[in-house]
2 protein chains.
Amino acid sequence: MDNDMLKLENQICFMVYAAAREITKQYRPLLEELDVTYPQYLALLVLWEKNELSVKELGEKLYLDSGTLTPMLKRMEAHKLIIRQRSKQDERSVIVSLTEKGESLRGKAACIPGALLENMNIYGPELDQLKKTLGKVLNSIQEGD
Amino acid sequence: MDNDMLKLENQICFMVYAAAREITKQYRPLLEELDVTYPQYLALLVLWEKNELSVKELGEKLYLDSGTLTPMLKRMEAHKLIIRQRSKQDERSVIVSLTEKGESLRGKAACIPGALLENMNIYGPELDQLKKTLGKVLNSIQEGD
DNA sequence: TCAAATTAAATTGTACAAAATTTAATTGTT
DNA sequence: AACAATTAAATTTTGTACAATTTAATTTGA
């Protein structure tokens with residue numbers, strides 16, 4: 001029994017890990033036209049919803065810390081997608097906001113979610129179930145200690 | 001409608017990406033005792049099944065290329081977990097095999113899959129469904145072009 | 001048979017990812 | 001007020017990821 005559990009194919013964790021990377025690969029050609037990476041695209045998704053946001057708030061939404069975000073946001077700033085500026089109210093915080101250029105990519109991005117869903121080949125109830133289960137996994141892990 | 005699809009929370013791809021990283025974090029304290037990382041642990045899972053394997057074969061199982069594997073396998077070799085040697089039959093291939101030490105970690109690892117499943121809080125039919133759906137996603141993506 | 005095509009690793013360069021530490025600003029307490 | 005504790009980013013270090021290129025070995029075909 002334990003023998004079988006140590007087989008790669010039986011590991012749900014490996015499937016999630018592999019699927020995440022394969023999905024990211026699917027995004028690459030689409031995101032190339034926007035000249036952003038997948039994590040940068042995720043940051044843009046958040047910023048398109050809420051133009052102003054601290055690094056901390058962005059990190060909470062993306063499950064990423066400043067060690068990852070700081071350099072990534074600097075790259076995005078160098079590409080003129082966002083602006084980073086210290087908050088006046090609390091100088092510890094850095095506020096991230098969209099530039100015109102960052103804002104303008106939203107239109108180009110509109111077709112991406114649909115294209116990806118199509119590639120994944122999952123629809124309707126199966127898709128809903130997948131969301132539900134992954135949501136449960138994420139919640140369990142957040143709480144769990 | 002497109003508006004909603006560009007929301008982070010509605011993106012199944014983001015959930016997979018976030019879940020993969022959160023799951024990896026769950027492994028960390030357990031794998032620390034074996035002094036390996038999660039991708040290294042995955043390589044060991046494969047090697048515990050089949051002691052001898054080329055880098056290419058390993059890459060096919062893990063969905064990783066030599067650009068990732070070569071440095072990782074060198075680190076594992078430096079830690080005395082594996083041996084890398086050119087194949088005699090085909091000098092282009094590098095054969096990876098376990099050392100005594102690498103072999104011996106298998107026992108310590110036996111409890112890990114169960115511990116992780118417990119953290120994820122998914123059981124029975126829901127777990128089976130998750131496997132089935134992720135398998136479908138991986139297959140669709142492999143074929144798709 | 002021998003040059004062209006293919007293949008397997010390695011290398012190069014860019015970009016995450018996360019733990020651990022550091023720095024600077026703010027808050028809470030006495 | 002003043003100092004300890006806390007907080008937010010940045011920095012440092014190590015380790016993946018992966019596209020693109022290079023190198024060396026093998027296979028193929030005229």
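Quick note on labels: first sequence line is chain A, next is B, and so on, each numbered from 1. What you see below is based on every heavy atom in this structure, not just the backbone, and it leaves out hydrogens, waters and symmetry mates.
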Could you say whether B:Glu91 or A:Ser66 is positioned toward the 5' end of DNA chain D, judged by the nucleotide with the nearest heavy atom to each?
->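 Nearest-nucleotide comparison on DNA chain D picks A:Ser66.
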Need one value for [X]: base, sugar-phosphate or nothing, where a base atom within 4.0 Å counts as base even if backbone is also close, heavy atoms only.
X	result
A:Glu22	nothing
B:Ser93	sugar-phosphate
B:Thr37	sugar-phosphate

Say whether, by atom type as modelled, one donor and one acceptor occur between the side chain of [X] and the main chain of [Y] under 3.5 angstrom.
X	Y	value
B:Trp48	A:Lys7	no
B:Thr99	B:Leu81	yes
A:Gln85	A:Val94	no
A:Gln129	B:Gln129	no
A:Arg84	A:Ile95	no

Interface polar pairs with nucleotides 27-29 of chain D, N/O, under 3.5 angstrom:
none

Distance-minimising heavy-atom pair for [X] and [Y]:
X	Y	result
B:Met5	A:Gly114	CE-N, 3.5 Å
B:Lys131	A:Met15	O-CE, 3.3 Å
A:Leu34	A:Ala109	CD1-CB, 4.0 Å
B:Met120	A:Ser140	O-OG, 3.5 Å

In residues 69-87 of chain A, what residues come within less than 4.0 Å of DNA chain C, judged by heavy atoms?
->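 Result for residues 69-87 of chain A: A:Met72, A:Arg75, sorted by number.
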Go through residues 54-65 of chain A and report each residue with a non-hydrogen atom lying under 4.0 Å from DNA chain C, sorted by number.
->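 Close to the strand are A:Tyr63, A:Leu64, A:Asp65.
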Let me know the distance between CD1 of A:Ile23 and P of D:dC18, rounded to the nearest Å.
->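 The answer, rounded to whole Å, is 13 Å.
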Nearest whole angstrom, please: distance from the P of D:dG15 to the CG of B:Leu34.
->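 To the nearest whole Å, that distance equals 16 Å.
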List the atom pairs, donor and acceptor, that lie under 3.5 Å between side-chain atoms in residues 61-75 of chain B and the rest of the protein, sequence neighbours left out.
residue	atom	partner	partner atom	Å
B:Asp65	OD1	B:Gly67	N	3.1
B:Asp65	OD1	B:Thr68	N	3.2
B:Thr70	OG1	B:Ser66	O	3.0

So, A:Arg28 and A:Glu32, do they make that salt bridge, N to O below 4.0 Å?
->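 A salt bridge is absent here (no side-chain N lies under 4.0 Å from a carboxylate O).
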Please indicate whether A:Lys80 has more than 12 foreign heavy atoms, meaning atoms of other residues, nucleotides or ligands, lying under 6.0 Å from its NZ.
->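 No, not enclosed.
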Which sits closer to the 5' end of DNA chain C, A:Pro39 or B:Thr68, going by the nucleotide each is nearest to?
->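 With A:Pro39 and B:Thr68 compared, the 5'-side residue is B:Thr68.
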What is the 5' to 3' range of DNA chain C, first to last nucleotide, that sits under 4.0 Å from any heavy atom of chain A?
->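 Taking any atom under 4.0 Å from a heavy atom of chain A, the span is C:dA15 to C:dT26.
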Can you run down the ring pair (Phe, Tyr, Trp, His ring centres under 6.0 Å) pairs that involve residues 16-37 of chain B, sequence neighbours left out, and say none if there aren't any?
->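 Qualifying pairs, neighbours excluded: A:Tyr38-B:Tyr17, B:Tyr27-B:Tyr38, B:Tyr27-B:Tyr41.
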Establish, with yes or no, whether the OP1 or OP2 oxygen of D:dC18 is under 4.0 angstrom from a side-chain nitrogen or oxygen of A:Arg28.
->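 A:Arg28 to D:dC18 OP1/OP2: no side-chain N or O under 4.0 Å.
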